[in-house]
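Every chain is numbered from 1 and lettered A, B, ... according to where its sequence line falls, protein lines coming before strand lines. For the numbers below, each heavy atom of this structure counts, side chains included, while hydrogens, waters and symmetry mates do not.
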Amino acid sequence: DTAVSQTPKYLVTQMGNDKSIKCEQNLGHDTMYWYKQDSKKFLKIMFSYNNKELIINETVPNRFSPKSPDKAHLNLHINSLELGDSAVYFCASSRGQDYNEQFFGPGTRLTVL
Amino acid sequence: DAKTTQPNSMESNEEEPVHLPCNHSTISGTDYIHWYRQLPSQGPEYVIHGLTSNVNNRMASLAIAEDRKSSTLILHRATLRDAAVYYCILRDPGVSGGSYIPTFGRGTSLIVHP
């Protein structure tokens, strides 16, 4: 049973395109996150949603728009992709906002050409 | 921002204990100390967390200094599967209405020799 799943695992696209990454968790958690891990392996939080409500938005460009249709899903839509968006994107979830244990997905490697 | 300092890398032999240090001299009184690890090509995985007292679980032990300015993650018997990047993280009250924002640093890359 996969706790946090992401699709696709790999995404290769051209500059200027719009793409989406989907995330689902089957843990019954209230809080979900998106992280970006760049080529230097720094892992930085982008967004956090609690009960479908945005609670953290860490100075991410407006081209990135998260959407949470329900508590189990947090999708990431990226408009007008740029070279600098190339990274591995991780979705995660936790029982609540209080951030004890987070469960991470396997990651989506995005390559922008 | 409460930050952590960890060695870039450490090496160990299989079956031996490993002590991974973390300095967090600017830790606040309410910050929890969390450890995560990231195996190659995988997402981070929770290892352990603590506040003041030492903690044990099935994966590791966490030893916290009395002044809380440092901590050590202890793997009692390293296996090849423990080769990963280990992150020491403090909860960081951020700009978004007081929600906690986990801040991952570079971490320590643990190499385990057979």
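Distance check: Ser41(B) OG to Lys9(A) NZ gives 7.0 Å after rounding to the nearest 0.5 Å. Taken to the nearest 0.5 Å, the CZ atom of Arg106(B) stands 4.0 Å off from the CZ atom of Phe42(A).
Within 6.0 Å of CZ on Arg109(A) lie no more than 12 heavy atoms contributed by other residues, nucleotides or ligands. More than 12 heavy-atom neighbours from other residues, nucleotides or ligands sit within 6.0 angstrom of CZ on Arg63(A). The environment of OH in Tyr46(B) is crowded: more than 12 heavy-atom neighbours from other residues, nucleotides or ligands sit within 6.0 Å. Other residues, nucleotides and ligands contribute over 12 non-hydrogen atoms within 6.0 Å of the CG atom of Asp70(A).
Tyr36(B) has its side chain within reach of Gln102(A): a pair of non-hydrogen atoms, C-beta onward, lies under 4.5 Å apart. At a threshold of 4.5 Å between non-hydrogen side-chain atoms, the residues Gln38(B) and Gln37(A) count as touching.
Trp35(B) and Phe103(A) are members of different hydrophobic clusters when ILVMFWY side chains are connected at heavy-atom separations under 4.5 Å.
Here the two rings, on Tyr35(A) and Phe104(B), have centers that are under 6.0 Å apart.
Neither the backbone nor the side chain of Gln6(A) has a heavy atom closer than 4.5 Å to any heavy atom of chain B.
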